[in-house]
Number of protein chains: 4
Amino acid sequence: MLGVGPRVKTIRLASCYRASVTPPNAERRNQHSRRAILRAAYELALELGPAKVTVEAIASRAGVGKQTIYRWWPSKGAVFLDVLEEQVGTVSEMPDTGDVVADLKTQMTAVAELFNADFARFYKALIAEAQGDAAVAQGLAEQLAERAEGPRRDRLSKAQQQGQIRADIDLAAAVEMLYAPLYYRLLVGAAAPDSAQVSAVLDVALHGLAPSR
Amino acid sequence: MLGVGPRVKTIRLASCYRASVTPPNAERRNQHSRRAILRAAYELALELGPAKVTVEAIASRAGVGKQTIYRWWPSKGAVFLDVLEEQVGTVSEMPDTGDVVADLKTQMTAVAELFNADFARFYKALIAEAQGDAAVAQGLAEQLAERAEGPRRDRLSKAQQQGQIRADIDLAAAVEMLYAPLYYRLLVGAAAPDSAQVSAVLDVALHGLAPSR
Amino acid sequence: MLGVGPRVKTIRLASCYRASVTPPNAERRNQHSRRAILRAAYELALELGPAKVTVEAIASRAGVGKQTIYRWWPSKGAVFLDVLEEQVGTVSEMPDTGDVVADLKTQMTAVAELFNADFARFYKALIAEAQGDAAVAQGLAEQLAERAEGPRRDRLSKAQQQGQIRADIDLAAAVEMLYAPLYYRLLVGAAAPDSAQVSAVLDVALHGLAPSR
Amino acid sequence: MLGVGPRVKTIRLASCYRASVTPPNAERRNQHSRRAILRAAYELALELGPAKVTVEAIASRAGVGKQTIYRWWPSKGAVFLDVLEEQVGTVSEMPDTGDVVADLKTQMTAVAELFNADFARFYKALIAEAQGDAAVAQGLAEQLAERAEGPRRDRLSKAQQQGQIRADIDLAAAVEMLYAPLYYRLLVGAAAPDSAQVSAVLDVALHGLAPSR
DNA sequence: CGGTAAGCGAGACGGTACGTCCCGTCTTCCT
DNA sequence: AGGAAGACGGGACGTACCGTCTCGCTTACCG
């Protein structure tokens, strides 16, 4: 019957990456298949919308065996995470013209536009996936912290040193306040993020809610 | 003999047309079952974590036929939305002591605590569900807009009239800036929201990033 | 909120068009599973009686996924038909001692006994299934014609050539007359078939109703 | 919840008719509903084919509440049995012209025609139902014995007394031999019964298989 | 330079959950 | 009280995917 022969190569370890005793040899990995899988996953997320992408559909679209996916990624969400890494390079850089307000406006607007584009469907799929898969959640958080929040915090830090920003500001909180509204609208809001929102947020963030003395 | 002839496969629902059907008579609805279903859905979301709750488990836990769920809700997410409506009444009220900053701190801290409690797992399940179900997404957005953002905006509006807040502030943006960081951490951040975050956010929000003249 | 909008109901499969799909690869079929399924179906038909056997019970008893049944058989009845094919070999052979009357008595008694044994419950289940499934009905008829009636007709034909049976007899009708009473009692009669019935039938069949000249 | 209030009026007794402690008052029975139910059951059996008729469909077609069916019949099969009683009167009479062979041919041909007509679908539905419902099986057997076999046996008996049939014939077996082939073809045969079959059967039955001395 | 072991495509397998249909019981309201 | 209507708890249906497991087939390395 099925299952005879040498088995139990892998030990289940749900929330953690790869636990096979004989991991696949990465050097022999077929890069063509890898790219086809990432591409298919991205396309399908755009086409079908978040949460309707299946592993079988990815494999089929990529012209790949299902096992090839499971050999290299522990879950569908992990594939999505890899896709993300390839897609978001574009907006993770922070411009630096010397004018921090202008730079923030530039970059926040770019993010808002990204969240309005096709990419939004994919990103929502990934975040939904993360709610049920701790490894994906962690990967997403790390990606966000290192690739997105880091440069933003650095930019604010520089501005702070230049005196464009108050010295006693908690920069992490500042970054969250500036960008979280964009994520909020993406994930739970009725409206999509736009440049009007960016302007309003920047206005409040710069001058504060308190009336001027 | 059997099985000869062309293999057939039925087409996915969506590609067949749909016809409306007499809706169930709401007056005869069994309120006991309704409550048992909402209760079971909430408990299971807490116990199993987001994305592992099944309709069958809800029905079984509630001592109810599956059809009774499908009769009254179009999807699992819709059940979650109804649960939400029953659960969040507690934090949707906005205190009004006359001191808007103190009130915000009180209420934001309450929300942060809620997002740290069991409720967080449930809320994440709901938001994940919303990514794949447009009706749930819309319901969630409406719930948020009407029950949560509305009172908050109203409170800020009153404070604005009292001169505690600048007159030229976009209140919707302000509310988003204050609360979005909490949602951001709940859904995508590495850390959970806490009172330190609340303090930092309020500090930035009140006095702004710009250095005092 | 949720659930507003027109209630919808999906249309029954039959009214949607069907599309053929790649059939499974018969070479890779797991013979162990196949046998376990046939065995489980037979056992359950005996234990639970006709019409209480479910596909889920067969799959569970066989230690098999439901899909493995649906992959290889179009319906529960088709499984039963395959079981039949494996079970009835025993009584489909026709003895040939040279004395056609003795041979008929031997074989008809064997059939009567089969219809009194556990097998009867199974056979009734199959025939009931056939009433609602044209493919099963056809398969059953073919099985009967080829495996049962054929050899019987052949035996009578040989006897006819040997002068043991009138030359102008319609052999198909003769076979039906001899065996149909057994099926009749199995399916609709109050009493079960027995050797007394066999004797009575043979007596009438041999010498006819008409008084001797 | 459901099920509070006075309950347990009826005791389940699967294989037996009616076991309510307070049976309904037959005098107050709505004869209009009764007829509508029988009529709907018959029509649906013809239209949908055997085994696809549901109680809900009968109730709906008859413009009747489901409970009205369950109040007066223990099962769907019992309804079918009642329908049968109304439908088969026509062919249960046995003609008596004095010529038993002619009479048999007349009546067997009538039965064969009935089994070719729409009625066949209904009758097959009933017999299929009987395989899974002992009460229906018993009712069917009784109906058959009393209404069909009885008159036929009586006719043969009379012919026997008149010397048209051998004195030492087992009349029950004779009746079975004559009519069982018709049922056989109806239920499991490939071909439908017809007048050619009737003639062939009568030929064999009258003169026997054995060669004339 | 031919053997062998890995990655690969394909897809069958044991499962779980889906959303639907229908069962037989029940409750409500109407006649 | 009987009946039309239909909500209810339950259970089976046939389908979609899951993640695991063979199968042959390249393909690249190694003896």
Side-chain angles (χ1 to χ4, degrees), chain A residues 1-5 7-10 12 22 24-25 27-30 32-33 54-57 59-60 62-72 74-76, chain B residues 9-10 12-13 22 24-25 27-30 32-33 54-57 59-60 62-72 75-76, chain C residues 9-10 12-13 22 24-25 27-30 32-33 54-57 59-60 62-72 75-76, chain D residues 1-5 7-10 12 24-25 28-30 32-33 54-57 59-60 62-72 74-76:
Chain A
M1 163 123 82
L2 282 179
V4 298
R7 61 155 79 203
V8 189
K9 274 210 208 164
T10 61
R12 297 287 302 117
T22 51
N25 180 343
E27 293 180 13
R28 303 189 56 178
R29 181 168 191 179
N30 183 334
H32 188 276
S33 292
T54 69
V55 174
E56 294 190 340
S60 169
V64 138
K66 259 200 296 183
Q67 195 58 45
T68 301
I69 296 182
Y70 285 111
R71 189 169 4 249
W72 300 108
S75 69
K76 185 172 56 184
Chain B
K9 182 188 179 185
T10 51
R12 306 251 332 104
L13 308 166
T22 50
N25 180 343
E27 292 180 14
R28 301 185 51 185
R29 180 167 192 179
N30 184 332
H32 194 283
S33 292
T54 69
V55 175
E56 293 188 335
S60 167
V64 140
K66 246 198 308 182
Q67 195 60 50
T68 299
I69 297 183
Y70 285 110
R71 193 172 0 252
W72 300 109
S75 69
K76 185 171 54 184
Chain C
K9 181 188 178 182
T10 53
R12 304 261 320 113
L13 310 165
T22 51
N25 180 342
E27 291 180 16
R28 301 185 51 184
R29 180 167 190 180
N30 184 333
H32 193 283
S33 291
T54 68
V55 174
E56 292 188 336
S60 167
V64 140
K66 244 196 310 182
Q67 195 60 50
T68 299
I69 298 183
Y70 286 110
R71 181 156 27 235
W72 300 109
S75 68
K76 186 172 53 184
Chain D
M1 161 121 83
L2 281 181
V4 298
R7 60 155 80 202
V8 189
K9 274 208 209 166
T10 62
R12 298 287 302 121
N25 181 341
R28 305 192 55 177
R29 181 168 189 178
N30 183 334
H32 187 277
S33 292
T54 68
V55 174
E56 293 189 342
S60 168
V64 138
K66 260 200 298 183
Q67 194 58 47
T68 301
I69 297 182
Y70 285 110
R71 193 176 352 255
W72 300 108
S75 69
K76 186 171 57 184

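Below, all heavy atoms of this structure are taken into account, side chains as well, without hydrogens, waters or symmetry copies. In the text below, chain A, chain B and the rest are named by the order of the sequence lines, each starting its count at 1.
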note = Of the listed E/dA12, E/dG19, F/dA12, the closest approach to the C/R28 side chain comes from E/dA12
remark   = All heavy atoms of D/Y70 vs all of D/V55, minimum pair found to be OH-CG2, 3.6 Å
request  = Would you indicate, yes or no, if F/dA4 has its OP1 or OP2 atom less than 4.0 angstrom from a side-chain nitrogen or oxygen of D/S33?
outcome  = yes
ask   = Taking the nucleotide of DNA chain F with the closest heavy atom to each, which residue, C/V55 or A/K76, is nearer the 5' end?
value = C/V55
query = Counting side-chain heavy atoms from CB outward, which of F/dT15, F/dG3, F/dA4 is closest to C/Y70?
reply = F/dT15
task = Can you figure out which of F/dA7, F/dC18, E/dG24 approaches the side chain of B/W72 most closely?
result = F/dA7
inquiry  = Minimum heavy-atom separation for A/N30 and A/H32, please, with both atom names.
reply    = OD1-N, 2.8 Å
inquiry  = From CD of C/E27 over to C1' of F/dT22, roughly how many Å is that when rounded to an integer?
reply    = 14 Å
task = Return the nearest nucleotide to the side chain of A/N25; candidates are E/dC22, E/dA6, E/dC13.
result = E/dA6
task = Could you check which of F/dA12, E/dC18, F/dG14 has an atom nearest any side-chain atom of C/K66?
result = F/dG14
message = Looking at D/T68, I'd like to know whether one of its side-chain N or O atoms comes within less than 4.0 Å of OP1 or OP2 on F/dA4.
response = yes
query = For the residue pair B/A59 and B/G65, what are the closest heavy atoms and their distance?
reply = CB-C, 4.2 Å
task = Would you mind telling me which residue lines up with the more 5' stretch of DNA chain F, B/G65 or D/R29, judged by nearest nucleotide?
result = D/R29
message = For a quick check, tell me whether the side chain of D/Q67 and the base of E/dC26 share a donor-acceptor pair closer than 3.5 Å.
response = yes
query = Once you round it to whole Å, what is the distance between C1' of E/dC22 and CD1 of D/I69?
reply = 13 Å
ask   = Considering heavy-atom distances to DNA chain E, does A/A62 or A/E56 have its closest nucleotide positioned more toward the 5' end?
value = A/A62
task = Measure from NE2 on A/H32 to P on F/dT26 and round the result to the nearest Å.
result = 17 Å
request  = Output the distance between atom CD1 (A/I69) and atom NZ (A/K76), rounded to the nearest 0.5 Å.
outcome  = 10.5 Å
task = Give a yes/no on whether any side-chain N or O of C/R71 is located under 4.0 angstrom from OP1 or OP2 of E/dC13.
result = yes
